[in-house]
Number of protein chains: 2
Amino acid sequence: MMEDIIKKLRAARKTKGFTQGALGAKMGLPQSHISQIEAGKIDIRLSSFLEMARLLDLEPMLVPRSLTPAVRSMLSGDKEKTSQPAWQPDNDTEELS
Amino acid sequence: MMEDIIKKLRAARKTKGFTQGALGAKMGLPQSHISQIEAGKIDIRLSSFLEMARLLDLEPMLVPRSLTPAVRSMLSGDKEKTSQPAWQPDNDTEELS
DNA sequence: AAATAAAATATGTTATAGCATATAGAAAGT
DNA sequence: ACTTTCTATATGCTATAACATATTTTATTT
């Protein structure tokens with residue numbers, strides 16, 4: 001069970017059209033190291049993980065378990081069917097048209 | 001600038017009423033190690049970070065930068081004032097009262 | 001204020017990420 | 001098919017997390 005969160009980094013890199021070499025250059029790491037990371041062969045340090053995520057415009061966040069379904073539905077744009085409504089917007093300001 | 005995300009782990013531990021020793025026991029680590037981590041003196045590995053977060057009922061997620069304001073507002077329960085509305089709920093199902 | 005519990009600091013060993021460099025293999029482009 | 005680009009694998013060295021254990025300092029409780 002390779003860490004799922006690492007797969008997201010690879011997917012994000014491809015989406016942005018970066019090669020392993022290009023991403024490595026931004027991080028000051030060799031392409032070979034990026035390969036190892038994405039393949040789940042090494043257990044990288046937190047600072048490396050954070051740096052890599054941010055270079056891919058991803059912000060690592062800690063979400064309370066009880067809120068993860070709501071957050072996930074936001075991220076995937078799903079038409080969610082949560083038993084408890086995930087969230088309700090404020091209605092205290094004028095909305096855009 | 002000690003990593004902010006580590007502070008969240010410490011806060012979560014305290015909220016749950018765990019001591020460093022108790023958390024360490026769950027992870028199979030000595031109390032001293034938890035102390036080092038929380039003090040930002042060591043740069044822990046991703047697997048340790050993930051394990052610790054999950055023991056504290058926090059799920060690490062990668063949020064696209066453009067969505068972080070919306071997610072943050074969910075997490076903090078703020079009455080947000082985002083220039084672009086953060087999110088709009090579906091209105092295709094019956095709501096609870 | 002004494003006792004107890006929790007957290008921080010210290011020292012030493014072992015395992016492994018980080019790093020460099022090279023090369024082999026796969027995919028994409030001509 | 002050949003060339004170029006991208007990705008995976010391999011070897012070796014260095015820095016440091018992981019781990020054990022002990023002690024000190026700081027909070028908390030009675």
Side-chain angles (χ1 to χ4, degrees), chain A residues 1-68 75-76, chain B residues 1-68 75-76:
Chain A
M1 174 263 194
M2 207 283 280
E3 279 303 352
D4 195 65
I5 208 161
I6 290 291
K7 293 194 192 130
K8 296 232 169 71
L9 291 182
R10 160 171 281 192
R13 174 179 61 79
K14 288 189 177 171
T15 297
K16 290 195 94 66
F18 294 160
T19 66
Q20 289 181 342
L23 179 58
K26 286 174 197 287
M27 297 180 66
L29 298 180
Q31 171 270 325
S32 58
H33 204 246
I34 307 294
S35 175
Q36 304 275 340
I37 292 170
E38 289 187 347
K41 303 211 164 176
I42 61 179
D43 187 7
I44 62 174
R45 299 187 183 167
L46 180 58
S47 62
S48 300
F49 172 74
L50 297 176
E51 184 185 3
M52 190 163 163
R54 286 167 183 153
L55 283 170
L56 297 170
D57 294 318
L58 295 173
E59 185 64 22
M61 296 182 67
L62 289 171
V63 179
R65 231 180 238 318
S66 61
L67 295 179
T68 55
L75 300 188
S76 62
Chain B
M1 174 265 196
M2 206 283 281
E3 277 303 351
D4 194 66
I5 207 160
I6 289 292
K7 293 194 192 130
K8 296 231 169 73
L9 291 181
R10 158 171 282 191
R13 174 179 63 78
K14 289 190 177 170
T15 298
K16 290 194 95 64
F18 294 160
T19 65
Q20 290 181 342
L23 179 58
K26 286 175 198 287
M27 297 180 67
L29 298 180
Q31 172 269 326
S32 58
H33 204 245
I34 306 294
S35 175
Q36 305 274 347
I37 292 170
E38 290 187 347
K41 304 212 163 175
I42 61 180
D43 186 7
I44 63 174
R45 300 186 183 169
L46 180 58
S47 63
S48 301
F49 172 75
L50 297 176
E51 184 185 2
M52 189 163 164
R54 286 166 184 154
L55 283 170
L56 297 169
D57 295 318
L58 295 174
E59 185 64 21
M61 297 182 65
L62 290 172
V63 180
R65 227 178 243 319
S66 60
L67 295 179
T68 55
L75 301 188
S76 63

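All chains are named by letter (A, B, ...) in the order of the sequence lines, taking the proteins before the strands, and each is independently numbered beginning at 1.
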Legend entry - Within residues 8-17 of chain A: residues closer than 4.0 Å to DNA chain D (heavy atoms):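 Within residues 8-17 of chain A, the residues near DNA chain D are R10(A), R13(A).
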Legend entry - By side-chain hydrogen bond (donor to acceptor under 3.5 Å, both in side chains) - contacts of K8(A) (at least two apart):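 K8(A) satisfies side-chain hydrogen bond (donor to acceptor under 3.5 Å, both in side chains) with D4(A) only.
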Inset, instruction - Establish, with yes or no, whether the OP1 or OP2 oxygen of dA20(D) is under 4.0 angstrom from a side-chain nitrogen or oxygen of S32(B). - result: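 Looking at the OP1 and OP2 atoms of dA20(D), neither is under 4.0 Å from any side-chain N or O of S32(B).
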Which atom pairs, one a donor and one an acceptor, fall under 3.5 Å between side chains of residues 20-36 of chain B and the rest of the protein, sequence neighbours left out?
{"unit_1": "Q20(B)", "atom_1": "OE1", "unit_2": "Q31(B)", "atom_2": "NE2", "d": "2.9"}
{"unit_1": "Q20(B)", "atom_1": "NE2", "unit_2": "E38(B)", "atom_2": "OE1", "d": "3.1"}

Legend entry - D43(B) vs H33(A), nearer the 5' end of DNA chain D by closest nucleotide: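 With D43(B) and H33(A) compared, the 5'-side residue is H33(A).
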Can you measure [X] atom [atom1] to [N] atom [atom2] for me and round it to whole angstrom units?
| X | N | atom1 | atom2 | value |
| --- | --- | --- | --- | --- |
| R45(A) | dA17(D) | CZ | P | 5 Å |
| I42(B) | dC19(D) | CD1 | C1' | 10 Å |
| K41(B) | dA15(D) | NZ | C1' | 19 Å |
| F18(A) | dT7(D) | CZ | C1' | 17 Å |
| Q36(A) | dT9(D) | CD | P | 8 Å |

Do you know the tightest heavy-atom contact between [X] and [Y]?
| X | Y | result |
| --- | --- | --- |
| F18(A) | L55(A) | CE1-O, 4.2 Å |
| L62(A) | A53(B) | CD2-CB, 3.8 Å |
| P64(B) | L75(A) | CD-CD2, 4.0 Å |

Inset, instruction - Do nucleotides 24-30 of chain D as a string where each nucleotide becomes B, S or -: B if the base has a protein heavy atom under 4.0 Å, S if just the sugar-phosphate does, - if no protein is that close. - result: -------
Legend entry - Main-chain N/O of I44(B) paired to S48(B) side chain as donor or acceptor, under 3.5 Å: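 No, the answer is negative, given that no donor and acceptor are paired below the 3.5 Å cut-off.
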Inset, instruction - Kindly write out the residues that satisfy side-chain contact (heavy atoms from CB on, under 4.5 Å) with A12(B), not counting sequence neighbours, or none if the list is empty. - result: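 Partners of A12(B) by the side-chain contact (heavy atoms from CB on, under 4.5 Å) criterion, ordered by chain and then number, come out as L56(B), L58(B).
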Inset, instruction - Taking side-chain contact (heavy atoms from CB on, under 4.5 Å) as the test, write out the residues that go with S47(B), two or more places apart. - result: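 Per chain and number, S47(B) pairs via side-chain contact (heavy atoms from CB on, under 4.5 Å) with D43(A), R45(B).
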Legend entry - Strand-adjacent residues in residues 21-31 of chain A, judged by heavy atoms under 4.0 Å from DNA chain C: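 Nucleic-acid contacts, sorted: L29(A), P30(A).
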Inset, instruction - Name the first nucleotide and the last nucleotide along DNA chain C (5' to 3') that come under 4.0 Å of a heavy atom in chain A. - result: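 Range of nucleotides within reach of chain A: dA17(C) to dA22(C).
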Legend entry - salt bridge (charged side-chain N to carboxylate O under 4.0 Å, His left out) against K16(B), all qualifying residues, sequence neighbours excluded: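 By the salt bridge (charged side-chain N to carboxylate O under 4.0 Å, His left out) rule, K16(B) matches D57(B).
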Legend entry - Heavy-atom side-chain contact between V63(B) and V63(A) under 4.5 Å: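 No, side chains not in contact.
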To the nearest 0.5 Å, how far apart are [atom1] in [X] and [atom2] in [Y]?
| X | Y | atom1 | atom2 | value |
| --- | --- | --- | --- | --- |
| I6(A) | L46(B) | CD1 | CG | 5.0 Å |
| K14(B) | L9(B) | NZ | CG | 13.0 Å |
| I37(A) | R10(A) | CD1 | CZ | 11.0 Å |
| E59(A) | L50(A) | CD | CG | 8.0 Å |

Inset, instruction - Mind checking T19(B) for me? I need base, sugar-phosphate or nothing, with any heavy atom below 4.0 Å counting as a touch. - result: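 It contacts sugar-phosphate atoms only.
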Legend entry - Axial bend angle, the helix from dA1(C)-dT30(D) to dT30(C)-dA1(D): five-pair end segments, nearest 10°: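 End-to-end axis angle: 60°.
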